[in-house]
Chemist: 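One structure is given below, represented as structure tokens, and several questions about it will come after.
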Amino acid sequence: MSTETQQETLGFQTEVKQLLHLMIHSLYSNKEIFLRELISNASDAADKLRFEALSNDDLYEGDGDLRIRISFDEKAKTITIDDNGIGMTRQDVIEHLGTIAKSGTSQFLSQLSGDQKKDSQLIGQFGVGFYSAFIVAKEVEVITRRAGQPASEGVHWVSQGEGEFTVGGVEKAQRGTTIILHLKDEELEFANSFRLRSLVRKYSDHISLPVIMEKEAAPVEEGEAPAAPEDETVNSATALWTCSKSDISEDEYKEFYKHVSHDFQDPLKWSHNRVEGKLDYTSLLYVPAHAPYDLWNRDTPRGLKLYVQRVFIMDEADQFLPMYLRFIKGVVDTNDLSLNVSREILQKDPVVDKLKTQLTKRALDMLGKLAKNDPEQYAKFWTEFGEVLKEGPAEDHANKDTILKLLRFASTNNESSEQSVSLEDYISRMQEGQEKIYYAVADNYNTAKHSPHLEIFRKKGIEVLLMSDRVDEWLMSQLFDFEGKSFQDVSKGELDLGDTENEEEKKAQEETAKELQGLVERLKNSLDAQVSEVRITHRLTDSPACVVLGAYDMGIQMRKIMEAAGQAVPESKPVFEINPEHPLISKLDHETDEERFGELALVVFEQAQLAAGGQLDDPAAYVGRLNKLLLNLIS
């Protein structure tokens, strides 16, 4: 066995120039981020001053109005970001600007108590945001003086981002930090009033400090003296979601919705929550009044606006809500998330999943309260977004029961096509002995409403849910029961009305089936190519016959959707059920001419297909057979 000799521990070596190049050109995907980062640093400097001034008011130096000022000089090709925050000493400048990834904010936070950390609004954590300035600047100057230090203790730092910097002394009357960016020739677009204002409003609109710029001068007519320059606050300087609910009016909630959603109409409902504990976050969720035109495009950008300590991070953070809630708008603000260093990308993190779980429950709870407290408004919501919500039970098994309570359907209990019946409503009206929730699926409301499968249910007064949305059959294939009651498609499988049928009825049905066994055999032989089975039914009262699918067969609506999408559809034959009390079936039973019997049987079968919403393989042949029978009848 060999013995180790001359063992030593060494630190990794860093090629500073190469590291800076990587940070400047690879860390950020969007160069306009630089302004967000520098404003965030200025905001942190003001927050640090507030904390230190709690024990030493002299640090304000007679100026307690904290602010950030942005100016530009198009001719000199510069942008200046100036703050009157805590500022830096010479040693601070060397440590924090001269050391990559040295975060003064992170160091400051480590010195705070738990309550002080919660109360702070500090943003920076990585110590690299400052270097984003070099994305657009060929040279950066920093002029700074720490609060409480004499004016002669100002510091002047200059670097071109090439791995070296220069530090010198300078006279600075006002505390705080001034950063001057000397723009690259290809980045002069940023030395523009409109561009800078739009970036402030996009990324830093809600930070607590006012961001001030010189108001654009109005055009001056010839001979008139130009007006004296005026300042204006560019950002709103308040984050509505951080305010107490009691301090926010309905109009303010509505206006903020229009701001975040770019919608011109008022929202239908909103939910504002501040959560503290294992997960700290603030959310403000809105339900729009109307569906957007691209609601059904699942690739359309969606999601909430993500903020960290009031600073905008991401516009369409779709990780926080499931797809079936893609219509929800709003903001979420949390400091618990793992962002990448550039604060542009969410890292895979269990916190994201926990936040998604909580926000989903918040959204569903908001809809539940709307349904309970304001049925009229919920009906408007359902008209706009009901079909999307029907995607939920299959996508979100954990919240399936909650979503099922939010679903609404048309019903034989109502005369209109309005989807207003909940599953709870249905169960409350179930007959004694009824164990199933019956439903019918069709291409449209009228087809479902007039389906021959409903005849026995009308006769017995049993309610049936009527479904005609394209998503309905897929939805029902994912559902098995609700509050202990199983779902039953009235067009599938054998009819079972449970205890709503008495023994006398069942005995009479069995006797009728025996009497017409011969007719059943004749029909089976005649329609062998079209049907899998022929049987006597008592689900019909007015129609001569109906087609019934197997219990596990694909429904007619789903077959049409699959075929339209070019998908292969499994072959299956329906069951042909006949009404023994109908005159047409009696006529069939007494028909002795087998050719005529076959044509009449085929016509009755094809009529049953049409009544169920199906399509004929050869409509022209059906019309020919029908015309021939009519002519025979007339003659």
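Please read these numbers as outputs of a predicted model, since none were measured by experiment.
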Chemist: If we ignore angles and hydrogens, is there a donor and acceptor under 3.5 Å between the side chains of Asp73 and Ser71?
Modeler: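 Looking only at side-chain atoms, Ser71 and Asp73 do not form any donor-acceptor pair under 3.5 Å.
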Chemist: Dump the intermediate steps for side-chain contact (heavy atoms from CB on, under 4.5 Å) on Ile207 and Val211, then the final yes or no.
Modeler: CA-CA 9 Å; Ile207 64 168; Val211 179; 4.1 Å; yes
Chemist: Answer whether the closest heavy-atom distance between the side chains of Val167 and Val155 falls below 4.5 Å.
Modeler: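 Val167 vs Val155: side chains touch.
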Chemist: Going by distance alone, is a donor N or O of one side chain under 3.5 Å from an acceptor N or O of the other, for Glu37 and Tyr131?
Modeler: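 Distance-only check fails for Glu37 and Tyr131.
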Chemist: Would you compute the distance between atom OH of Tyr324 and atom CG of Leu389 and round it to the nearest 0.5 angstrom?
Modeler: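 Interatomic distance, Tyr324 OH to Leu389 CG, rounded to 0.5 Å: 7.5 Å.
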Chemist: Restricting to non-hydrogen atoms, name the atom on Thr177 and the atom on Gly87 that form the minimum distance, rounded to 0.1 Å.
Modeler: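 Smallest heavy-atom distance, with atoms named: OG1-CA, 3.8 Å.
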Chemist: Locate the shortest heavy-atom distance separating Pro288 from Phe385; write the atom from each residue and the value.
Modeler: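 For Pro288 and Phe385, the tightest heavy-atom pair comes out as O-CE1, 3.4 Å.
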Chemist: Determine, for Asp263 against Lys329, whether the closest basic-nitrogen to carboxylate-oxygen distance falls under 4.0 angstrom.
Modeler: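 Judged by the 4.0 Å cut-off on N to carboxylate O distance, Asp263 and Lys329 do not form a salt bridge.
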Chemist: For the atom pair OG (Ser271) and CZ (Arg362), what is the distance rounded to the nearest 0.5 Å?
Modeler: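 So the gap between those two atoms works out to 6.5 Å.
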Chemist: With a 4.5 Å heavy-atom cut-off, do Pro322 and Thr360 have their side chains touching?
Modeler: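 Yes. Closest side-chain heavy atoms under 4.5 Å.
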Chemist: Can you see whether Arg36 engages Ser40 through a side-chain donor-acceptor pair at a distance of less than 3.5 angstrom?
Modeler: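 Ser40 and Arg36 do not have a side-chain donor-acceptor pair below 3.5 Å.
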Chemist: State plainly whether the residues Arg90 and Glu153 are in salt-bridge range, i.e. N to O under 4.0 Å.
Modeler: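 No, this pair does not count.
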Chemist: Taking atom NE2 of His290 and atom CG of Asp266, what is their separation to the nearest 0.5 Å?
Modeler: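 One finds 10.0 Å between NE2 of His290 and CG of Asp266.
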Chemist: Minimum heavy-atom separation for Met366 and Leu285, please, with both atom names.
Modeler: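 Reported closest heavy-atom pair: SD-O, 3.8 Å.
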Chemist: With rounding to the nearest 0.5 Å, note down the distance linking OG1 in Thr144 to CD in Gln174.
Modeler: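 Spacing of OG1 (Thr144) from CD (Gln174) equals 11.0 Å.
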Chemist: Heavy-atom distance under 4.5 Å between the side chains of Arg326 and Leu321, does that happen here?
Modeler: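 Result no, sub-4.5 Å side-chain heavy-atom pair not found.
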Chemist: Which atom names give the shortest non-hydrogen contact between Ile135 and Lys184, and what distance separates them?
Modeler: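 Looks like O-NZ, 3.2 Å.
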Chemist: Can you name the residues that form a salt bridge (Lys or Arg N to Asp or Glu O under 4.0 Å) with Lys354, not counting sequence neighbours?
Modeler: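 Result, salt bridge (Lys or Arg N to Asp or Glu O under 4.0 Å) vs Lys354: none returned.
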Chemist: Just how far is it from atom CG of Asp294 to atom CZ of Arg302, taken to the nearest 0.5 Å?
Modeler: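 Interatomic distance, Asp294 CG to Arg302 CZ, rounded to 0.5 Å: 12.0 Å.
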Chemist: Taking atom CD of Glu250 as the centre, does the number of heavy atoms from other residues, nucleotides or ligands within less than 6.0 Å exceed 12?
Modeler: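 Atom CD in Glu250 is not crowded, with 12 or fewer foreign heavy atoms closer than 6.0 Å.
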Chemist: Determine whether a donor-acceptor pair (N or O, by modelled atom type, separation under 3.5 Å) exists between the side chain of Asn84 and the backbone of Arg175.
Modeler: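 No: the side chain of Asn84 does not pair with the backbone of Arg175.
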Chemist: Please evaluate residues Arg50 and Asp47 with respect to the criterion salt bridge (Lys or Arg N to Asp or Glu O under 4.0 Å), reporting the C-alpha separation (whole Å), side-chain torsions for both, the decisive distance (0.1 Å), and the verdict.
Modeler: CA-CA 5 Å; Arg50 282 196 194 101; Asp47 216 13; 3.3 Å; yes
Chemist: Under a 4.5 Å cut-off applied to non-hydrogen side-chain atoms, are Leu240 and Tyr253 in contact?
Modeler: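 Yes, at least one pair of side-chain atoms sits under 4.5 Å.
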Chemist: Taking Glu232 first and then Arg197, would you say they form a salt bridge - that is, a charged N and a carboxylate O separated by under 4.0 Å?
Modeler: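 Yes, charged N to carboxylate O under 4.0 Å.
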Chemist: Decide yes or no on salt bridge (Lys or Arg N to Asp or Glu O under 4.0 Å) for Glu52 and Arg146, but give the supporting numbers first.
Modeler: CA-CA 12 Å; Glu52 293 198 18; Arg146 201 178 200 284; 2.9 Å; yes
Chemist: For the side chain of Arg195 and the backbone of Glu189, is there at least one donor-acceptor N/O pair under 3.5 Å apart?
Modeler: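 Judged by distance alone, no pair lies under 3.5 Å.
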Chemist: Does NE2 in His397 sit with more than 12 non-hydrogen atoms of other residues, nucleotides or ligands closer than 6.0 Å?
Modeler: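 Atom NE2 in His397 is not crowded, with 12 or fewer foreign heavy atoms closer than 6.0 Å.
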Chemist: Can you classify the ring geometry of Tyr286 versus Tyr257 as parallel (below 30°), tilted (30 to 60°) or perpendicular (above 60°)?
Modeler: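 Tilted.
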Chemist: May I ask you to test the Tyr60-Leu49 pair for a side-chain heavy-atom distance under 4.5 Å?
Modeler: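 Yes, their side chains come closer than 4.5 Å.
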Chemist: With a 4.5 Å cut-off on side-chain heavy atoms, are Leu304 and Leu306 touching?
Modeler: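 No, too far: nothing below the 4.5 Å cut-off.
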Chemist: Would Phe320 and Asp318 count as a side-chain contact (heavy atoms from CB on, under 4.5 Å) here? Give the steps.
Modeler: CA-CA 6 Å; Phe320 300 115; Asp318 57 8; over 6 Å; no
Chemist: Hey, what do you get for CZ (Arg274) to CG (Asp333), rounding to the nearest 0.5 Å?
Modeler: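 Arg274 atom CZ to Asp333 atom CG measures 8.0 Å (nearest 0.5 Å).
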Chemist: Glu255: which residues meet the side-chain contact (heavy atoms from CB on, under 4.5 Å) condition with it, sequence neighbours left out?
Modeler: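 Glu255 satisfies side-chain contact (heavy atoms from CB on, under 4.5 Å) with Lys258 once adjacent residues are dropped.
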Chemist: Does one side chain, of Thr89 or Asp92, offer a donor that lies under 3.5 Å from an acceptor on the other?
Modeler: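 Indeed, the side chains of Thr89 and Asp92 share at least one donor-acceptor pair under 3.5 Å.
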Chemist: Indicate the atoms forming the closest heavy-atom contact of Ala133 with Val140, along with that distance.
Modeler: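 What the structure gives for the nearest pair is CB-CG2, 3.9 Å.
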Chemist: Quick test of your reading of the model: are Asp365 and Lys369 salt-bridged, counting only N-O distances below 4.0 Å?
Modeler: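 Here Asp365 pairs with Lys369 in a salt bridge, since their nearest N and O are under 4.0 Å apart.
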Chemist: Looking at Thr357, Leu359, Leu364, which one forms a side chain to side chain contact (heavy atoms under 4.5 Å, CB included) with Lys361?
Modeler: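 By the side chain to side chain contact (heavy atoms under 4.5 Å, CB included) criterion, Lys361 pairs with just one of Thr357, Leu359, Leu364: Thr357.
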Chemist: Which residues satisfy the salt bridge (Lys or Arg N to Asp or Glu O under 4.0 Å) test with Asp185, sequence neighbours excluded?
Modeler: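 Asp185 satisfies salt bridge (Lys or Arg N to Asp or Glu O under 4.0 Å) with Lys77 once adjacent residues are dropped.
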Chemist: Taking only residues two or more places apart in sequence, or in another chain, which ones meet Trp241 in a ring-ring contact (aromatic ring centres under 6.0 Å, His included)?
Modeler: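 Result, ring-ring contact (aromatic ring centres under 6.0 Å, His included) vs Trp241: His206, Phe256, Tyr307.
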Chemist: Taking only residues two or more places apart in sequence, or in another chain, which ones meet Asp231 in a side-chain contact (heavy atoms from CB on, under 4.5 Å)?
Modeler: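 side-chain contact (heavy atoms from CB on, under 4.5 Å) list for Asp231, sorted by chain: Arg69, Ile212, Glu214.
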Chemist: Taking C-beta and beyond as the side chain, do Asp83 and Thr178 meet within less than 4.5 Å on heavy atoms?
Modeler: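 Side chain of Asp83 against side chain of Thr178, heavy atoms only: no contact under 4.5 Å found.
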Chemist: Assess whether side-chain contact (heavy atoms from CB on, under 4.5 Å) is satisfied between Val142 and Leu97, documenting all intermediate values.
Modeler: CA-CA 9 Å; Val142 177; Leu97 301 188; 3.9 Å; yes
Chemist: Determine yes or no for a side-chain-to-main-chain donor-acceptor pair under 3.5 angstrom, with Ser152 supplying the side chain and Glu171 the backbone.
Modeler: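 Such a contact is absent between Ser152 side chain and Glu171 backbone.
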Chemist: Could you tell me whether the side chain of Ile68 reaches within less than 4.5 Å of the side chain of Ile39, counting heavy atoms only?
Modeler: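 The answer is yes, as the side chains (C-beta and beyond) meet within the 4.5 Å cut-off.
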Chemist: Once salt bridge (Lys or Arg N to Asp or Glu O under 4.0 Å) is applied, do any residues pair with Arg145, and if so which ones, sequence neighbours excluded?
Modeler: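 Only Glu61 meet the salt bridge (Lys or Arg N to Asp or Glu O under 4.0 Å) criterion with Arg145.
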Chemist: side-chain contact (heavy atoms from CB on, under 4.5 Å), that's the test. Do Glu139 and Val158 meet it? Break it down for me.
Modeler: CA-CA 7 Å; Glu139 183 177 273; Val158 183; 3.8 Å; yes
Chemist: Check whether Asn399 reaches the backbone of Thr402 with its side chain - one donor and one acceptor, N or O, closer than 3.5 Å.
Modeler: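 Answer holds: no.
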Chemist: Would you find more than 12 non-hydrogen atoms of other residues, nucleotides or ligands less than 6.0 Å from Asn373 atom CG?
Modeler: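 Above 12, so yes.
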Chemist: How close do Leu209 and Asn235 get, counting heavy atoms only, and between which atoms?
Modeler: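 Of all heavy-atom pairs spanning Leu209 and Asn235, the closest is O-ND2, 2.9 Å.
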Chemist: Give a yes-or-no answer on whether the side chains of Glu276 and Tyr281 include a donor-acceptor pair shorter than 3.5 Å.
Modeler: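 Judged by distance alone, the side chains do not pair up.
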Chemist: Among Phe190, Phe134, Phe130, which residue satisfies the ring pair (Phe, Tyr, Trp, His ring centres under 6.0 Å) criterion with Phe34?
Modeler: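 With Phe34 as partner, ring pair (Phe, Tyr, Trp, His ring centres under 6.0 Å) holds for just one option, Phe190.
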Chemist: With side-chain hydrogen bond (donor to acceptor under 3.5 Å, both in side chains) as the criterion, how do Asn41 and Asp44 come out once you've worked through the C-alpha distance, each side chain's angles and the decisive distance to 0.1 Å?
Modeler: CA-CA 5 Å; Asn41 287 350; Asp44 284 351; over 6 Å; no
